[in-house]
Amino acid sequence: IVVPAPDPELFGARVRRFFRAAALEDLTARVHAHAAALEVKPQRVQVKDTRSRWGSCSTDGALSFSWRVVCAPPFVLD
């Protein structure tokens with residue numbers, strides 16, 4: 001993460017954005033791999049700022065994950 005001007009107020013937000021983007025990319029790839037193997041089609045993958053759950057699914061096929069899961073070991077994504 002490159003921070004052009006170290007501003008303590010902005011640093012935390014930039015780090016969270018970085019981790020959210022990384023989580024969305026990694027989780028989307030894993031969801032598509034498992035969906036193909038299971039022959040299902042999730043409607044959407046989204047990353048949220050949840051604290052008590054790693055992930056959930058809705059009846060309309062939306063998969064929601066905590067961005068914090070990207071900090072866990074890779075096998076956790078599966």
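Here the structure is a predicted model, which is why all the values come from computation and not from measurement.
Legend: residues meeting side chain to side chain contact (heavy atoms under 4.5 Å, CB included) with Ala62, ordered by chain and number and at least two apart, are Arg44, Ser58, Asp60. In this structure, the side chain to side chain contact (heavy atoms under 4.5 Å, CB included) partners of Ala13, at least two apart in sequence or on a different chain, are Arg16, Arg17. With sequence neighbours excluded, the residues satisfying side chain to side chain contact (heavy atoms under 4.5 Å, CB included) with His34 are Arg30, Asp78. With sequence neighbours excluded, no residue forms a side chain to side chain contact (heavy atoms under 4.5 Å, CB included) with Ala21. Residues passing the side-chain hydrogen bond (donor to acceptor under 3.5 Å, both in side chains) test with Ser66: none are found, sequence neighbours excluded.
Going from atom OG1 of Thr28 over to atom CD of Gln46 covers 10.5 Å, rounded to the nearest 0.5 Å. A distance of 9.5 Å separates CZ in Arg53 from OG in Ser64, rounded to the nearest 0.5 Å. For the atom pair CG (Asp26) and CZ (Phe65), the distance works out to 11.5 Å, reported to the nearest 0.5 Å.
The salt bridge (Lys or Arg N to Asp or Glu O under 4.0 Å) contacts involving residues 62-76 comprise Asp49-Arg68, where partners must be two or more places apart or lie in separate chains.
The nearest pair of heavy atoms linking Val31 to Pro42 is CG1-CG, 3.5 Å.
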Could you list the donor-acceptor pairs under 3.5 angstrom formed by side chains in residues 69-76, with sequence neighbours left out?
none

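Taking a 6.0 Å sphere around CD of Glu25, one finds it holds 12 or fewer heavy atoms contributed by other residues, nucleotides or ligands.
The closest side-chain heavy-atom distance from Leu27 to Trp67 is not below 4.5 Å.
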